[in-house]
Amino acid sequence: MTSVIEVRELHDWPTTESEAVSIQERLRSLVRTDEQPAEVRTAAGLDVDYRESSDELVAAVTVLDVATLSLVDSAAVRGRAEFPYVPGLFAFREAPALLKALQELRVVPDVLVCDGHGLAHPRRCGLACHLGVLTDLPSIGVGKTAMGHYEPPAEPRGSWSPVTMDGEEVGRALRTQTGVKPVFVSIGHRYTLDDACDLVLDLAPKYRLPETTRSADHLSRRS
DNA sequence: GCGACAG
DNA sequence: ATCTTGTCGC
């Protein structure tokens, strides 16, 4: 059974934190920020649910039609966290199972909407960058809490403010619902920040989190 | 040296 | 991530 999504073998599995850091520095050099898909008709949501023992997990991917937010495809796989949770190395914990789930899809989504950050990361290589580079698919990160500094955006839906790290703009705090805490959007791979924010607003017409994330979260909990 | 630090 | 009550609103 061959996958429609090919996962590139760009690195060995790290044994230590310093090996993981080296891998991120190399993956970072492969991130493309100068491209944008001509047309984004479908978007994938990715999320992981942890079970007892905290290293048993279920990774879920859902693919939604952006115009209608209806479900086009989905996949869920059980797995095991292969790395401890270390801030900054989060991707090594969740990416393996998420990549397996992506390989079970029957359609190739136009963009991956990841539950975590992309360039808004100490080494500018968060989960969304890992998944984007390893699949070579466009990707963005949508985090629920900030990494970096920001001022709260204005109250109306659609308002945003820059998120900075080391004086550099790495993402945006985006208000998806008026009067509700913002989400934190950053680039993963082959996408622009302006378009990422437009996409997240399209995907979040009613709730704070995009429907991609919500549907993947629901699927992971039921699988 | 200490705090902060996605999920 | 997860542990947790009641409450408000559709």
With sequence neighbours excluded, what pairs up with A:E168 under the salt bridge (Lys or Arg N to Asp or Glu O under 4.0 Å) test? A:R124
Where along residues 208-223 of chain A does a heavy atom fall under 4.0 Å from DNA chain B? none
Qualifying residue for side-chain contact (heavy atoms from CB on, under 4.5 Å) with A:D73, from A:L105, A:V61, A:T62: A:L105
Give, for atom CG of A:D47 and atom CG of A:D115, the distance between the pair rounded to the nearest 0.5 Å. 4.5 Å
A:R80: which residues meet the salt bridge (Lys or Arg N to Asp or Glu O under 4.0 Å) condition with it, sequence neighbours left out? A:D55
Heavy-atom contacts, protein to nucleotides 2-7 of chain B, under 4.0 Å, summarised as B (base), S (sugar-phosphate only) or - (none) per nt, yield ---SBB
Any sub-3.5 Å donor-acceptor pair from A:T212's side-chain atoms to A:G45's backbone N or O? no
Please check this pair: side chain of A:R175 against backbone of A:V180, looking for a donor-acceptor N/O pair closer than 3.5 Å. yes
Side-chain donor or acceptor of A:S220 paired with backbone N/O of A:A59 under 3.5 Å: no
Any stems for DNA chain C, made of 3 or more Watson-Crick or G-U pairs in a row, each with both distances under 3.5 Å? none
Taking the side chain as every heavy atom from C-beta outward, state whether A:E17 and A:F92 have any atom pair closer than 4.5 Å. no
Answer yes or no: is there a side-chain heavy-atom contact under 4.5 Å between A:V142 and A:L174? no
Residue set satisfying salt bridge (Lys or Arg N to Asp or Glu O under 4.0 Å) with A:R190, at least two apart, ordered chain then number -> A:E35, A:D136
With sequence neighbours excluded, residues passing side chain to side chain donor-acceptor pair (under 3.5 Å) with A:R28: none
Pairs under 3.5 Å (N/O, protein and nucleotides 7-10 of chain C):
none

Who are the ring-ring contact (aromatic ring centres under 6.0 Å, His included) partners of A:H121, not counting sequence neighbours? none
How does the hydrophobic cluster around A:F184 look, that is, which other residues are in it when side-chain heavy atoms under 4.5 Å mark a link? A:Y150, A:V163, A:M165, A:V170
For DNA chain B, which ranges pair as stems of 3 or more consecutive Watson-Crick or G-U pairs, with both donor-acceptor distances under 3.5 Å? none
So, using ring-ring contact (aromatic ring centres under 6.0 Å, His included) as the criterion, who are the partners of A:F90 when residues are at least two apart? none
May I ask whether A:L46 and A:L71 are part of the same hydrophobic cluster, defined by side-chain heavy atoms of I, L, V, M, F, W, Y residues being less than 4.5 angstrom apart, directly or through others? no
